[in-house]
Amino acid sequence: MIVNIQKLNGLWHLIVGSCRIQTPFLETQQRERVVAYARRVYPGAKIFERD
């Protein structure tokens with residue numbers, strides 16, 4: 001499974017396939033927290049950051 005992390009409208013979003021999932025993290029928060037969140041929600045997934 002591939003999870004993309006993207007900043008959009010002031011929040012971090014996880015993109016899994018064609019689904020965009022809003023996270024509770026603001027754009028100003030560190031990316032490492034979002035990656036840890038994504039790893040907890042989707043264990044074993046490959047995580048990429050999109051700009």
Side-chain angles (χ1 to χ4, degrees):
M1 177 182 305
I2 296 175
V3 176
N4 289 302
I5 298 173
Q6 183 179 22
K7 294 179 186 177
L8 183 65
N9 297 331
L11 293 172
W12 288 97
H13 287 78
L14 302 179
I15 302 170
V16 182
S18 62
C19 298
R20 183 179 308 246
I21 303 164
Q22 182 176 332
T23 66
F25 300 104
L26 296 175
E27 185 177 278
T28 57
Q29 291 178 307
Q30 294 179 342
R31 183 182 63 87
E32 291 81 16
R33 293 184 73 191
V34 181
V35 170
Y37 175 78
R39 289 191 192 282
R40 191 171 55 240
V41 174
Y42 297 103
K46 294 182 183 177
I47 299 177
F48 298 97
E49 183 179 355
R50 290 175 41 178
D51 290 330

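Side-chain contact check for Asn4 versus Leu14: every heavy-atom pair is 4.5 Å or farther apart. By the 4.5 Å heavy-atom criterion applied to side chains, Gln6 and Trp12 are not counted as neighbours.
The list of side-chain hydrogen bond (donor to acceptor under 3.5 Å, both in side chains) pairs with a residue in residues 23-45, not counting sequence neighbours, reads Arg31-Glu49.
Here CD1 of Ile2 is found 11.5 Å from CD1 of Ile47. Values are rounded to the nearest 0.5 Å.
Hydrophobic clustering of Ile, Leu, Val, Met, Phe, Trp and Tyr side chains at less than 4.5 Å, counting indirect connections, unites Val3 with Val41. Cluster annotation: Val34 and Met1 are assigned to the same hydrophobic cluster (Ile/Leu/Val/Met/Phe/Trp/Tyr, side-chain heavy-atom contacts under 4.5 Å, transitive). Put simply, Leu8 and Ile15 are part of two different groups of oily side chains (I, L, V, M, F, W, Y) that touch within less than 4.5 Å, one to the next.
Between Gln22 and Leu11, the shortest heavy-atom distance links the atoms NE2-CD1, 2.8 Å.
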